[in-house]
There are 2 protein chains.
Amino acid sequence: MSHTLGIRQAQKQKTRQAFLDAALALLEEQSLSSLGLREVTRAVGVAPTAFYRHFRSTADLGVALVDEALGSLHPMVRTTVSTTGDPEERITRAVELIARHVTEYPAHVRFIARERHGGVQPVREAIRAQLHRFAEEVRAELAKDEEAEGWSEDDLLMLAHLYVDQMLITASLFLEALEAPEDERERVTRLATRQLRLITLGRSHWLD
Amino acid sequence: MSHTLGIRQAQKQKTRQAFLDAALALLEEQSLSSLGLREVTRAVGVAPTAFYRHFRSTADLGVALVDEALGSLHPMVRTTVSTTGDPEERITRAVELIARHVTEYPAHVRFIARERHGGVQPVREAIRAQLHRFAEEVRAELAKDEEAEGWSEDDLLMLAHLYVDQMLITASLFLEALEAPEDERERVTRLATRQLRLITLGRSHWLD
DNA sequence: AATTCCAGAGAACAGTTGTTAACTGGATGA
DNA sequence: TCATCCAGTTAACAACTGTTCTCTGGAATT
């Protein structure tokens, strides 16, 4: 099924990826709404006009970055939530997974945290849509758990959003602690673990 | 004690406030890192160079905006948390208070949500510091409650941060629902209420 | 082998930006 | 009353921005 791309298409995709990489790097120290088209092309090493062969505008590039940063994350979220084992172990694994992801893709995480409430509407929309997908997937996984018996769909979605938001908050904290000494990251781990523990505790008494 | 300002100082403060107001309005559709100095002076109706009489840079203006947006909010947070009455009533009042604040100062709320993870370091720092103050104040209020018996200081701060973050998430949701029909805001109210309820439930079983 | 296609280059456009220096004129304080 | 101060002005600077049109050379198609 995998159709080998021609030299032409392959080169185009390569350049496109170079745009995404360069933009992501530049966005570590500014917001998308201040990212200039020429700034990006300069970083890639191509003429300004080449930009238009790939994107309509920087907002368009931003939407593509959202897909790159969040699109491939869905399997990970699903498996994390559905992991079997006692709750405490699940929480530990979830926090570890977030920490590792932040370490591996700090620029992606920073971009999402920054542009979630950023100044570019189509990008905000794209992030909102992806996060909603996450919440729906988490809800679906939660529904499978025996603890979900007696829960309404609406309440499950409410809890799912709580988990998703908590995931983002934690990721952002790890991001801030990235260059800090080891014990700061340890502190964040402990904080996030206890917060998840408290939420899970509330969950298990929801039907009282 | 209140020293009447001279005509000169008064006029200066008036212009300064005009800068803050104009910037806040412009920031509804962009981020601080893309806000131009000339753009602001144009909106105020003053020469570009006048800007330097009040601020070193737009980042400096941003820090001033953080103080305006969050500085006056501390009493409200304190009294909200310390309100007596049964937990359910407290939650309702808290959510209502957030909703009202968002309706009254939407630009302030948008600014904080946007720049909390934005591209301007000094502003991020200023917001982080203010939110930490909030968390400390909430912790102090929680400590007075009889439910806090047996809690460690660290765990109380953990819970306080959870409440503060939840407050911001809720505010942001109300902001998105500002121009939406009434039933959307009602939906957000119900969601936020149940999330707070679940957290409070976890809180009451923390020591089990 | 001849033709079409198209990613990227090049040049030019009118506007924009932050920052400097030297100024003006009304409020301030002696 | 007179000298000082200082919020805001004017003018000019080099550097930058997004977007247009035209062109080119190698890949793709016939």
Side-chain angles (χ1 to χ4, degrees), chain A residues 2-23 25-27 29-65 115 118-123, chain B residues 2-65 115 118-123:
Chain A
S2 78
H3 184 261
T4 307
L5 271 54
I7 297 177
R8 207 164 179 162
Q9 291 288 325
Q11 183 52 244
K12 182 171 185 181
Q13 285 218 357
K14 209 170 168 183
T15 309
R16 186 190 141 97
Q17 189 59 46
F19 272 121
L20 294 178
D21 294 346
L26 290 167
L27 285 171
E29 287 167 342
Q30 62 182 314
S31 311
L32 184 64
S33 74
S34 68
L35 184 69
L37 167 164
R38 293 184 103 105
E39 196 179 353
V40 183
T41 58
R42 199 184 309 130
V44 174
V46 297
T49 46
F51 185 89
Y52 293 104
R53 299 284 175 198
H54 300 269
F55 309 99
R56 249 175 257 266
S57 61
T58 50
D60 199 24
L61 186 156
V63 172
L65 275 177
E115 301 304 329
V120 183
Q121 202 249 352
V123 173
Chain B
S2 79
H3 183 262
T4 307
L5 272 52
I7 297 179
R8 210 166 178 154
Q9 291 289 325
Q11 185 52 245
K12 181 170 184 180
Q13 285 218 355
K14 210 171 169 182
T15 310
R16 185 190 142 98
Q17 190 58 46
F19 272 121
L20 295 177
D21 293 346
L24 208 53
L26 289 167
L27 285 172
E28 304 233 359
E29 288 168 342
Q30 62 183 312
S31 311
L32 183 64
S33 74
S34 67
L35 183 71
L37 168 164
R38 295 183 100 106
E39 197 179 353
V40 183
T41 57
R42 199 183 310 131
V44 173
V46 83
T49 46
F51 185 89
Y52 294 105
R53 299 283 175 203
H54 300 270
F55 309 100
R56 247 176 259 265
S57 62
T58 51
D60 199 25
L61 186 156
V63 172
L65 275 178
E115 301 304 329
V120 183
Q121 203 249 351
V123 173

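Because the structure is predicted, anything quoted here is derived from the model rather than measured.
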- line: The reported gap from CG in B:L27 to OG in A:S33 (rounded to nearest 0.5 angstrom) is 9.0 Å
- request: Go through the structure and list residues passing ring pair (Phe, Tyr, Trp, His ring centres under 6.0 Å) with B:F55, not counting sequence neighbours.
  value: B:F51
query: How close or far is atom C1' of D:dT29 from atom CZ of A:R8, stated in whole angstroms?
result: 10 Å
task: Write down the distance between NZ (A:K14) and C1' (D:dA27), rounded to a whole number of angstrom.
output: 16 Å
- request: Check the distance between D:dG18's C1' and A:L32's CG and give it to me in whole angstrom.
  value: 15 Å
message: Heavy atoms within less than 4.0 Å of DNA chain D: which residues of residues 37-64 of chain B have one? Give them sorted by number.
response: B:R38, B:V46, B:A47, B:T49, B:A50, B:R53, B:H54
- prompt: According to the side chain to side chain donor-acceptor pair (under 3.5 Å) rule, which pairs have a member within residues 39-63 of chain A, sequence neighbours left out?
  reply: A:Q30-A:E39
task: To the nearest Å, give me how far apart CD (B:Q9) and P (D:dC6) are.
output: 9 Å
- prompt: How would DNA chain C look in dot-bracket form, 5' to 3', counting Watson-Crick and G-U wobble pairs with both distances under 3.5 Å and writing | for bases paired to another strand?
  reply: ||||||||||||.||||.||||||||||||
statement: In short, B:A64 meets B:L20 closest at the heavy-atom pair CB-CD2, 4.0 Å
- prompt: Atom CD1 of A:I7 and atom P of D:dA27: how far apart are they, to the nearest Å?
  reply: 6 Å
Nearest-0.5 Å distance, CD of residue A:Q9 to CD of residue A:Q11: 11.0 Å
statement: 5'-most to 3'-most nt of DNA chain C touching chain B (<4.0 Å, heavy-atom partner on protein side) reads C:dT17 to C:dT28
field: Residues, nucleotides or ligands: over 12 heavy atoms within 6.0 Å of A:Q17 CD
entry: yes
Pairs involving residues 20-36 of chain B, ordered by first then second residue, that meet salt bridge (Lys or Arg N to Asp or Glu O under 4.0 Å) (sequence neighbours left out): B:E28-B:R110
task: Specify the separation, in whole Å, of atom CZ of B:R16 and atom P of D:dG8.
output: 12 Å
- line: Shortest non-hydrogen pair, B:A59 vs B:V120, comes out as CB-CG1, 3.7 Å
statement: Value for CG (B:L32) from CG (B:L26), rounded to nearest 0.5 Å, stands at 11.0 Å
task: Measure the CG-CZ distance between A:L65 and A:F19 for me, rounded to the nearest 0.5 Å.
output: 12.0 Å
task: List the atom of A:L61, the atom of A:A23, and the distance in Å for their closest heavy-atom pair.
output: CD2-CB, 3.5 Å
